[in-house]
Amino acid sequence: MSNSTLSPSATAPDTVHSAPYAELRKLVKEAATLESIGSLLSWDQETYMPKSAGDFRAEQASLISAMAHQKATDPRVGELLEACESDANLMGAAHSAEAANIREIRRDYELARKLPTDLVSELARATSLAQDAWKTARAKSDFATFRPHLEHVLSLTRRKAECYGVPKFNGRTGELYDALLDEYEPGMSAAEITEIFTPLGKRLSGLVADLVNGSQKVSLEPVKAKLPEAQQQTFGLEVLRAMGFDLNAGRLDVTTHPFCSGMAPGDTRLTTRYTSESFLEPLYGTMHEGGHGLYEQGLPKGTRFGEPLGRSVSLGIHESQSRMWENLVGRSRAFWEWALPVAKKHFGPAVGGLTLDSVYAAANYVERSFIRVEADEATYNLHIMLRFELERGLISGALPVADLPGEWNRRFKASFGLDVPDDAHGCLQDVHWSFGLIGYFPTYTLGNLYAAQFWEAINRDIPALDAQIRSGDFSSLLGWLRNHIHQHGRRYSASELCKRATGAALSPEPLMRNLEGKLRPLYGA
Ligand code: ZN
């Protein structure tokens, strides 16, 4: 990617000189620096921390969160914001760097001030303990040991939502859940999500039924092979490098539940896991987190760390980046034309017999299954819809925690036609609720929708994309993402960003077109 492809405004420095604005940026950066220390502690907890360090780690996490929160809610921030907001030079143009930064700092400040510091530190402590409890509970499929932790985290999360207050949307009052959703996908409501999810769920269920009853069978057998972790790691790293992920400014480690942490300038950490019967699942885990990592590396953190313009706009947009690399690139035939020889180089005779047709088909294997993170593209969003309904009930109180396993299993049966064998394959499979991440799940499906819509725009803008991918050249793709998404940080809202990048508001049609167009021919359906 060359710099000439960047639109000029986005990474340019601020042009207005203002002492209050300079001090405001400094304070925001200090708060983010404390937050980044918390992220490093959390990354360590998920990767290398000894088991017995858990209790003290919870104290560390609690203290650092409280310090970051105090810094972010310092009344001086409020004074500086007022000074900046009354300065016409700063606020002149709505999307200027200064005006966008000040608008978003105000939003963060108002939200943070609604939370008492004792609640923030208690949430950090409770979720740190709940994560360890979840790991043990999941390993033993023992919901009872996790239940009190989840109840405690939920009561604190509900308190948090009450502090934020129920938002209004065009005069209509939302629900408590919306206050949580707003943290991850600003401006989105549960009602709006339901409007998107309900028809989309029906279309996806119909597609899945057609595929599994199709005239052609797709097999996973050709890609089944127990391959050494070290080889999988070097293969994953080669793919990451080709994608454009800078390993001098990032790492790839192993964890139970893969994630990406863009914790600091020059420091973006990816994790993956090598537990599968085939190399595909770990590869897609790595590409997924790599997509998140490229977004983090593409944010202008060098000059704007901690400022809204140096941060991602929403989780939906973040997830669009990971899902695009995982699914739209990684499960394409063009990708495998390049990647199959690379895989053979790393894995040798163990995958010697693999053909382009068989690996492409296996990469697009569709099956109703229990585990979300292993789910294919066609069933994936159905897993999300289930979680959205359940967590909405957990927050409203309609669903008591004690009833969660039963309700999960009942709904899973209705939607997937399968009997959940144990809670590890059911309500204990995801880490999110132990982190207090409620209102987070729907952003995964929004991410899939954004990704497919971006992908259509990218293919219009780069007609040679398919040929480039076949030769392992991802540079113009990354250039497009840098230009249209990454560099803007929070300058535009997610919906504005989508309109600017694609010329249209978010729609489920590109996702359905992509899935139908790819999967029906493969399955003879
Ligand atoms: Zn993700």
Side-chain angles (χ1 to χ4, degrees), residues 39 42-43 46-47 131 180-181 183-186 188 193 236 239-240 243-245 250-263 268-276 280-299 311-331 363 371-388 391 429-455 478 481 485-486 494 497-498 506 511:
S39 300
S42 172
W43 170 85
E46 296 302 314
T47 50
Q131 285 153 49
L180 300 169
L181 183 60
E183 257 192 287
Y184 308 118
E185 202 64 28
M188 189 62 86
I193 284 177
V239 173
L240 280 179
M243 286 164 61
F245 185 78
R251 300 179 49 89
L252 175 65
D253 294 273
V254 177
T255 185
T256 321
H257 203 93
F259 64 93
C260 161
S261 174
M263 58 179 70
T268 297
R269 307 203 181 188
L270 313 178
T271 59
T272 193
R273 62 178 179 198
Y274 303 107
T275 52
S276 133
L280 288 186
E281 194 198 314
L283 170 69
Y284 289 129
T286 301
M287 289 184 77
H288 179 100
E289 301 309 333
H292 283 304
L294 286 171
Y295 186 14
E296 289 292 328
Q297 289 188 337
L299 291 165
R311 290 177 185 265
S312 60
V313 55
S314 77
L315 286 184
I317 297 294
H318 223 308
E319 191 67 8
S320 77
Q321 301 305 287
S322 56
R323 303 293 285 181
M324 177 178 295
W325 287 96
E326 175 191 355
N327 291 332
L328 296 161
V329 176
R331 296 181 204 274
I371 304 292
R372 173 186 62 87
V373 295
E374 296 167 6
D376 57 82
E377 284 176 275
T379 57
Y380 186 89
N381 296 298
L382 302 172
H383 289 271
I384 297 304
M385 292 166 189
L386 170 91
R387 287 154 178 75
F388 166 64
E391 64 179 19
Q429 66 180 275
D430 293 303
V431 72
H432 300 63
W433 291 336
S434 73
F435 270 92
L437 299 174
I438 293 166
Y440 190 114
F441 278 121
T443 68
Y444 287 123
T445 290
L446 295 176
N448 287 324
L449 298 176
Y450 279 125
Q453 189 157 329
F454 292 149
W455 191 244
L478 182 58
L481 297 172
I485 315 284
H486 301 173
L497 192 69
C498 177
L506 182 65
L511 178 76

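Quick note: numbers below take in every heavy atom, side chains included, and nothing from hydrogens, waters or symmetry partners. One is the number of the first residue; the rest follow in order along the sequence. Both counts, for ligands and for their atoms, begin at 1 and track the order of listing.
Note on the Zn ion (ligand 1): protein N/O/S atoms under 2.8 Å are His288 NE2, His292 NE2, Glu319 OE1.
Defined by atom type and a distance below 3.5 Å, a donor-acceptor pair is present between the side-chain atoms of Glu185 and Ser314. A side-chain donor-acceptor contact under 3.5 Å links Glu296 and His318.
Remark: Asp376 pairs with no residue by the salt bridge (Lys or Arg N to Asp or Glu O under 4.0 Å) rule, at least two apart or across chains.
Within the model, atoms OG1 of Thr445 and CG of Asn381 stand 3.5 Å from one another, a figure rounded to the nearest 0.5 Å. Here OG1 of Thr443 is found 11.5 Å from CG of Leu449. Values are rounded to the nearest 0.5 Å.
Checked against the 6.0 Å centroid criterion, the rings of Tyr444 and His432 qualify as a close aromatic pair.
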